[in-house]
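Within every chain, numbering begins at 1; the chains are lettered A, B, ... in the order of the sequence lines, protein sequences first and strands thereafter. The structure displayed is predicted, hence computed values, not measured ones.
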Number of protein chains: 2
Amino acid sequence: MTPHSAPTGHPDPALALLPMAGTPRVRSDAARNRDALLCTAARMVAEEGASAVTMDRLAAEACVGKGTIFRRFGNRAGLMAAVLDGSEAEFQARVMRGEPPLGPGAPPYERLIAFGVARFQESVQRIDLLEAAGGGRSHAAYSFGLLHVRHLLAELGVEGDLPLLAAAVLAPLEVPLLRAQLEVQHLPLERLTAAWIDVASRVVGVSPTR
Amino acid sequence: MTPHSAPTGHPDPALALLPMAGTPRVRSDAARNRDALLCTAARMVAEEGASAVTMDRLAAEACVGKGTIFRRFGNRAGLMAAVLDGSEAEFQARVMRGEPPLGPGAPPYERLIAFGVARFQESVQRIDLLEAAGGGRSHAAYSFGLLHVRHLLAELGVEGDLPLLAAAVLAPLEVPLLRAQLEVQHLPLERLTAAWIDVASRVVGVSPTR
DNA sequence: TTGCATTCCGGACCATAGTCCGCATCACGC
DNA sequence: GCGTGATGCGGACTATGGTCCGGAATGCAA
């Protein structure tokens, strides 16, 4: 059982970097159960798909009570988002410290396009898990993408309401729309990607490359 | 009990305009039950909100069996989408035959902006019902908006993959994103609208008006 | 009107998400 | 070690979406 990398126990992971005065430590059984749940859930998703992970089965296979799952993750969507955060960390590392053009070093426009393309691919790959997570990522994962795009837009000299422009640029990558276009309309991913590059180029005000 | 305006009985409303040869007429009890369900559901939504409409309660109040609801509408989301289609018809009438700038007569750019603004307002107004409908509208309602925007983009001389450009322009209006921005980030609707106008203007290649 | 084939109805039944509280387990101070 | 208060555990329980099939209502033809 490989321990999971997500922070343990605190309501807001961003505040969990240091144990704060007055905040008692996370109990060891809580941490152990959390890791067991995430590992078991990830394995079940990999083996049988997200829809096969019922809360009862997960509780049984992880040898914990059902209430423990809901205490830790709130609901099924929260659990799936936490499972997603495992691979999300690796994605973020590729963006922050990886090779250009996704990582630092490339010009901002190339990084923006690379980010969109990578997000498309990653979303398609995990689309069933993303849907089980309620059609979205964890708040942390979504905010990361938003901040990154906003930063790139600023570097590109885009004027306007950058937080909302970034959200609008990312909106066509959202899972419900993606699923409808891929599975109902049967559009090829390349076409979706090309159209997104077109839109992103129009928003930043350059003519699309490639 | 006012009869509901949605078409009755056929799987695909678009094909229900004429009774086709070989397709038997809709049975009168089926039509009656369908109307009763839609009226009762609309009333319950208006009085108590969408979340108060459970399938058991709806069946009891409409004096039909639960199975009947699922036969007609497939699932809860389908039912809510059908309820939404009642007001959606009025919205479509405003777009197709109403006053400019939403209706015909205004230049295409003004019509596009008016459409987005109207969709924002209408979505905010019915956001709980839209969420109960699974975060989206019926296929018919969504396709209508898509076709309208695509038509306006064509009139504006926009080049590119118009169906997907239209989808991208409409993506920031989708309910999950809208809800996150309004209720989690507490952004004012005016700011969302202004940012959308900015994005739409960039896509069509004009400087934003007002 | 009556008989017949078709379609639809209805509510018992199932699966699963989410709640609750008595009780076990833990961390800490002595 | 050991007592003690706090914290978390766990599984029985509830609520609700969705399924299924025996039987009734319907429409058509004679």
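Each of dA17(C), dT16(D), dA27(C) was ranked by its minimum atom distance to the side chain of Thr54(B); first place goes to dT16(D). Nearest nucleotide to the side chain of Arg72(B), out of dC26(C), dC8(C), dC9(D): dC8(C). Distance from the side chain of Arg32(B) is smallest to dT26(D) among dT26(D), dA17(C), dC9(C). The side chain of Thr68(A) has dG10(D) as its nearest neighbour among dT19(D), dA12(D), dG10(D). The side chain of Arg71(A) has dG10(D) as its nearest neighbour among dG10(D), dG17(D), dG18(C). Each of dG17(D), dA17(C), dG10(D) was ranked by its minimum atom distance to the side chain of Met55(B); first place goes to dG17(D).
Across every non-hydrogen atom of Ser123(A) and Arg137(A), the tightest pair is OG-NH2, 2.6 Å. Taking each heavy atom of Thr193(A) and Phe120(A) in turn, the nearest pair found is CA-CE1, 4.0 Å. For the pair Asp128(B) and Gly49(B), the tightest heavy-atom approach, listed with the atom from each and the gap, is OD2-CA, 4.0 Å.
For dC9(D), one of the phosphate oxygens OP1 or OP2 lies less than 4.0 angstrom from a side-chain nitrogen or oxygen of Asn33(A).
One interatomic measurement links the two molecules: CZ of Arg76(A) to C1' of dT16(C), which rounds to 9 Å at whole-angstrom precision. Atom pair Met80(A):CE and dT16(C):C1' shows a separation of 13 Å (rounding to whole Å applied). Protein atom CZ of Arg57(A) is 11 Å distant from nucleotide atom P of dA17(C), rounded to whole Å. Taking atom CZ of Phe70(A) as the reference point, atom C1' of dA17(C) lies 5 Å away to the nearest angstrom. Protein atom CG of Leu37(B) is 9 Å distant from nucleotide atom P of dG10(C), rounded to whole Å. dG10(D) atom P lies 14 Å from atom CZ of Phe73(A), rounded to whole Å. Atom pair Leu79(A):CG and dG18(C):P shows a separation of 10 Å (rounding to whole Å applied). Between the CG atom of Leu58(B) and the P atom of dG18(D) there is a distance of 13 Å, rounded to whole Å.
Rounded to 10°, the angle separating the first-five-pair axis and the last-five-pair axis of the helix from dT1(C)-dA30(D) to dC30(C)-dG1(D) equals 10°.
Judged by closest nucleotide on DNA chain C, Asp56(A) is the one of Gly67(A) and Asp56(A) placed further toward the 5' end.
Looking only at atom types and distance, the side chain of Asn33(B) has no donor-acceptor partner in the side chain of Thr68(B) under 3.5 Å away. A side-chain N or O of Glu88(B) and one of Gln92(B) form a donor-acceptor pair less than 3.5 Å apart.
Of the candidates Met80(B), Glu61(B), Glu47(B), Glu48(B), Met80(B) is the only one forming a side-chain contact (heavy atoms from CB on, under 4.5 Å) with Val53(B).
Phe144(B) and Phe115(B) have tilted rings, their planes meeting at an angle from 30° to 60° on a 0 to 90° scale.
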